[in-house]
> 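Submitted below is the structure of interest, expressed as structure tokens.
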Amino acid sequence: MSRLSSYDPYNQEVIGDVAITEAADIAPMVARARLAQAPWAALSLAARQQQLTLAYQQLVPLQDQLARLISREMGKDLRRANYEAGGTLQSAAYFTEEIAAALAPESLGRNGELQYRPLGVVAVISPWNYPLAMANNLLVPALMAGNSVILKPSEQTPLVAEAFVNGLNQVLPPGLLQIAHGDETTGQALVEADINMIAFTGSIEAGKHIMANAASGLKRLVMELGGNDPMIVMADANLDAAARFAVASSFENAGQMCTSTERIYVDARIAAEFESKVLAYARQYQVGPWDQARVNIGPLANPAQHQQVLRQLQDARAKGARFLLGSDDYPLPFIQPTVISGLSREMLLEQDETFGPVVAIAHFERIEQAIQRANDSRYGLGAVVFGGAAANQVAQQLEAGMIGINQGVGGAGDAPWVGAKQSGFGFHGSAAGHRQFAQVRVISG
Ligand code: NAD
């Protein structure tokens, strides 16, 4: 049986390994998932909620282990990893209650009822950047809706997913939640298997493959894809708050976040002041290995990501960007805090998602130019505007699923986490999001 190794991105040491799920293993897994799904679907919403809550309680003693695995497998500093693990563990408490309310049958008057029925077997395919949270966000509504789940975690972070699923399975019935390990070969075999829904978080490119492979079975899809979020800074913005947000959002998780700020359009009249504040905040960041105190930017998750960010920075320099902080030449495994000005449309930094701690700034003369440029993208996940009273009018013109005014984007919890354009369709969070994991059935008469 082939094995999948997990590497520490700081020093490339092997941390551990798991058995790869071969394509031939998938059909028996789906059969087990179907067997487990029928009695689970027959339970009331309250009974499912109770079992899931109990299952999440088993994870509480594992929080520290889960946080350390997140850090070791993808480099995130331990404080952030703890925050992710803690949030995931607590999620069942509020999440399941919200979902139970959203999936309760609705009366259609004297003549009928609208129901939210299970779909069957759901594949949850997740990325490495928030390896617990991203799996959890889709797995909980799928299970609460009465489905069984096969989780295909990222091949970069198999160990944390394995510990998570094993913890939950101390309580959940056998076969209800299974894990399939491997890269896109395993993912593709799962997508093509006899399942009913794919809930995917990851890149646009992988999303397109999944959609194509799901087409023959007309399988239900939820697609949470990449982002290239713009930020507009208007002349009357609180510049200190805007600069602090710009840096924090660009550097969060070493920049490896779907809704991190990627392109900043700042009014030319206040650009110099904004840039000097950005520099002051950016210099406060501490780069280093995940287990050292005060570190808030860890190594990039893998050498390919590191190479990709360098390529984008080198392209920006070649096309005239000014480096206000940092350079385009960093040895593995870190990308130091980098601030560039003179971002232009031709640069890869403007066109593509950047998964590194980079603040990229362009100046604008008229607000219409900033709006046009913010919208000139195939992505539409989040967008942010900092400004005075007119910021709201600007926000109304932005093409994104989630927009923050003088703050970051919201989403999840009781609001949807939702993308526009090629950042995806289908979503989670909110009653409408929870219902994406269920089949609507109307009974009348
Ligand atoms: P990725 O698309 O490379 O991989 C994601 C998952 O899909 C992995 O488990 C991978 O093995 C699997 N996969 C890849 N190709 C597949 C295929 N053809 N069929 C089936 N499965 C396949 O993404 P990544 O590098 O792990 O994660 C980073 C991306 O995820 C970024 O684009 C980021 O913006 C996005 N993301 C989006 C959100 C959101 O909420 N919208 C959240 C987090 C990350």
Side-chain angles (χ1 to χ4, degrees), residues 4 6 9 18 20-21 23 26 73-74 76 84 123-139 150-158 160-161 179-193 195 198-215 219 221-229 252-262 300-309 352-356 377-382 400-402 409-412 415-429 433 436:
L4 170 68
S6 176
V18 293
I20 291 178
T21 307
I26 299 280
E73 287 197 288
M74 58 72 63
K76 183 176 304 196
E84 180 178 346
V124 172
I125 303 181
S126 55
W128 49 263
N129 62 341
Y130 290 85
L132 266 191
M134 294 303 108
N136 190 61
N137 285 342
L138 305 181
L139 181 151
I150 300 176
L151 171 66
K152 211 301 277 169
S154 168
E155 59 275 31
Q156 311 274 341
T157 49
V160 65
I179 191 162
H181 284 297
D183 60 14
E184 68 268 19
T185 310
T186 305
Q188 184 171 334
L190 183 57
V191 168
E192 290 172 350
I195 59 171
I198 301 126
F200 173 68
T201 309
S203 61
I204 290 181
E205 285 61 37
K208 287 180 180 170
H209 283 287
I210 288 171
M211 197 170 167
N213 291 329
K219 289 164 192 160
L221 295 171
V222 161
M223 292 271 156
E224 300 278 7
L225 307 180
N228 189 9
D229 289 10
E252 180 58 33
N253 202 20
Q256 303 166 122
M257 180 168 82
C258 54
T259 50
S260 62
T261 294
E262 309 257 324
L300 284 215
N302 57 64
Q305 283 299 327
H306 189 267
Q307 191 53 43
Q308 163 83 348
V309 176
D352 295 333
E353 185 171 30
T354 304
F355 252 34
S377 172
R378 66 176 174 147
Y379 297 89
L381 191 54
M402 296 175 286
V409 300
W417 185 263
V418 57
K421 299 185 183 174
Q422 290 192 25
S423 289
F425 57 85
F427 54 93
H428 70 274
Q436 309 268 321

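Since this is a predicted model, take the numbers as computed values, not measurements. Count residues from 1 along the sequence. For ligands, and for the atoms within them, numbers begin at 1 and follow the listed sequence.
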> Give a yes/no on ligand 1: does S154 have at least one heavy atom closer than 4.0 angstrom to it?
yes
> Pair L190, I150 - check side-chain contact (heavy atoms from CB on, under 4.5 Å), show working.
CA-CA 9 Å; L190 183 57; I150 300 176; 3.9 Å; yes
> Can you tell which of G419, C258, S203 gets a heavy atom nearest to atom 42 (C) of ligand 1?
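It is C258 that holds the nearest heavy atom.
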> Give me the nearest non-hydrogen protein atom to atom 19 (N) of ligand 1 as residue plus atom name, then the distance to 0.1 Å.
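Going by distance alone, atom 19 (N) of ligand 1 is nearest to I210 CG1, 3.5 Å.
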> For S6 and E73, test the side chains for any donor-to-acceptor distance below 3.5 angstrom and give the result as yes or no.
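Note: S6 and E73 side chains meet the donor-acceptor criterion.
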> Report the part of Y130 (side chain from C-beta onward, or backbone N, CA, C, O) that has a heavy atom under 4.0 Å from ligand 1; answer both or neither where that applies.
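Near ligand 1, Y130 shows nothing, with every heavy atom at 4.0 Å or more.
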> For a side-chain contact (heavy atoms from CB on, under 4.5 Å) check, start with the C-alpha distance between E155 and H181, then their side-chain angles and the critical distance, and finish with the verdict.
CA-CA 7 Å; E155 59 275 31; H181 284 297; over 6 Å; no
> Closest heavy-atom contact between T157 and P131?
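Smallest interatomic distance, heavy atoms only, reads OG1-CB, 3.6 Å.
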> Can you sort out which atoms of ligand 1 are near N129, meaning under 4.0 Å from one of its heavy atoms?
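Every atom of ligand 1 under 4.0 Å from some heavy atom of N129: 43 (C), 44 (C).
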> With a 4.0 Å cut-off on heavy atoms, is P153 touching ligand 1?
yes
> Atoms of ligand 1 less than 4.0 Å from E353 heavy atoms?
31 (C), 32 (O), 33 (C), 34 (O)
> Would you please test T201 and I125 for side-chain contact (heavy atoms from CB on, under 4.5 Å) and show each step?
CA-CA 6 Å; T201 309; I125 303 181; over 6 Å; no
> To the nearest 0.5 Å, what is the distance between CG (L300) and CD (Q256)?
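With rounding to 0.5 Å, CG (L300) is 5.0 Å from CD (Q256).
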> What is the closest protein heavy atom to atom 12 (C) of ligand 1, and at what distance does it sit?
I125 CG2, 3.7 Å
> If you measure from CD on Q422 to NZ on K208, what distance do you get to the nearest 0.5 Å?
4.0 Å
> Considering only protein heavy atoms, which is closest to atom 18 (N) of ligand 1, and at what distance to one decimal place?
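That would be H209 CB, 3.5 Å.
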> Whether the H428 and E224 side chains hold a donor-acceptor pair (N or O, under 3.5 Å, no angle test) is what I'd like checked.
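Yes, E224 and H428 have a side-chain donor paired with an acceptor closer than 3.5 Å.
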> Search all heavy atoms of G419 against all heavy atoms of L381 and return the closest pair with its distance.
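In terms of heavy atoms, the two residues are closest at CA-CD1, 3.7 Å.
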> Is Q305 in polar range of ligand 1, meaning some N or O pair under 3.5 Å apart?
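Between Q305 and ligand 1 (N or O atoms, distance only) the closest approach is not under 3.5 Å.
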> Among E155, E184, M74, which residue places a heavy atom closest to atom 10 (C) of ligand 1?
E155
> For atom 35 (C) of ligand 1, what's the nearest protein heavy atom and its distance?
G202 O, 3.3 Å
> Checking E184 against T186: is there a side-chain donor and acceptor pair closer than 3.5 Å?
no
> Tell me which protein heavy atom sits closest to atom 41 (N) of ligand 1, plus the residue, atom name and distance to 0.1 Å.
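Heavy-atom neighbour on the protein nearest atom 41 (N) of ligand 1: L225 O, 2.7 Å.
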> Measure the distance from atom 28 (C) of ligand 1 to every protein heavy atom, then report the residue, atom name and distance (to 0.1 Å) of the closest one.
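That would be F355 CE2, 3.8 Å.
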> Which of the atoms in ligand 1, numbered in the order shown and given with their element, are less than 4.0 Å from a heavy-atom of W417?
39 (C), 40 (O)
> Does any N/O atom on S126 come nearer than 3.5 Å to any N/O atom on ligand 1?
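Yes, there is a polar N/O contact under 3.5 Å.
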> Check whether any protein heavy atom sits under 4.0 Å from atom 4 (O) of ligand 1.
no
> Within ligand 1, which atoms have a heavy atom of Q188 less than 4.0 Å away?
19 (N), 20 (C)
> Nearest to atom 14 (C) of ligand 1 by heavy atom, P127, G424, A206, A304: which?
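Nearest option to atom 14 (C) of ligand 1, by heavy atoms: A206.
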> State the CG-CE distance between L139 and M134, to the nearest 0.5 angstrom.
12.5 Å
> For K152, counting its heavy atoms only, list the atoms of ligand 1 lying under 4.0 Å from any of them.
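Reading through ligand 1 atom by atom, the close ones are 8 (C), 9 (O), 10 (C), 11 (O).
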> At under 4.0 Å between heavy atoms, is it the side chain or the backbone of M134 that contacts ligand 1, or both, or neither?
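For M134, the contact with ligand 1 is made by the side chain alone.
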> Rounded to the nearest 0.5 Å, what separates atom CD in Q305 from atom OG1 in T354?
10.5 Å
> Is there a side-chain contact (heavy atoms from CB on, under 4.5 Å) between W417 and C258? Walk through the geometry before answering.
CA-CA 11 Å; W417 185 263; C258 54; 4.0 Å; yes
> I'd like to know if W128 contacts ligand 1, where contact means a heavy-atom distance under 4.0 Å to any ligand atom.
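A heavy atom of W128 does come that close to ligand 1.
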> Would you tell me which option among A123, G187, G207, A133 has the nearest heavy-atom contact to atom 21 (N) of ligand 1?
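The nearest heavy atom belongs to G187.
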> Report yes or no: is the cationic atom of K76 (NZ for Lys, CZ for Arg) under 6.0 Å from the centre of the six-membered ring of Y130, at an angle within 45° of the ring normal?
yes
> Go through ligand 1 atom by atom and flag the ones less than 4.0 Å from a non-hydrogen atom of D183.
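Per the distance check, 11 (O).
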> Can you measure from CZ (R378) to NZ (K421) and round to the nearest 0.5 angstrom?
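Answer for the CZ-NZ pair, R378 versus K421, is 11.5 Å.
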> What atoms of ligand 1 come within less than 4.0 Å of a heavy atom belonging to F200?
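What qualifies from ligand 1 is 2 (O), 5 (C), 6 (C), 7 (O).
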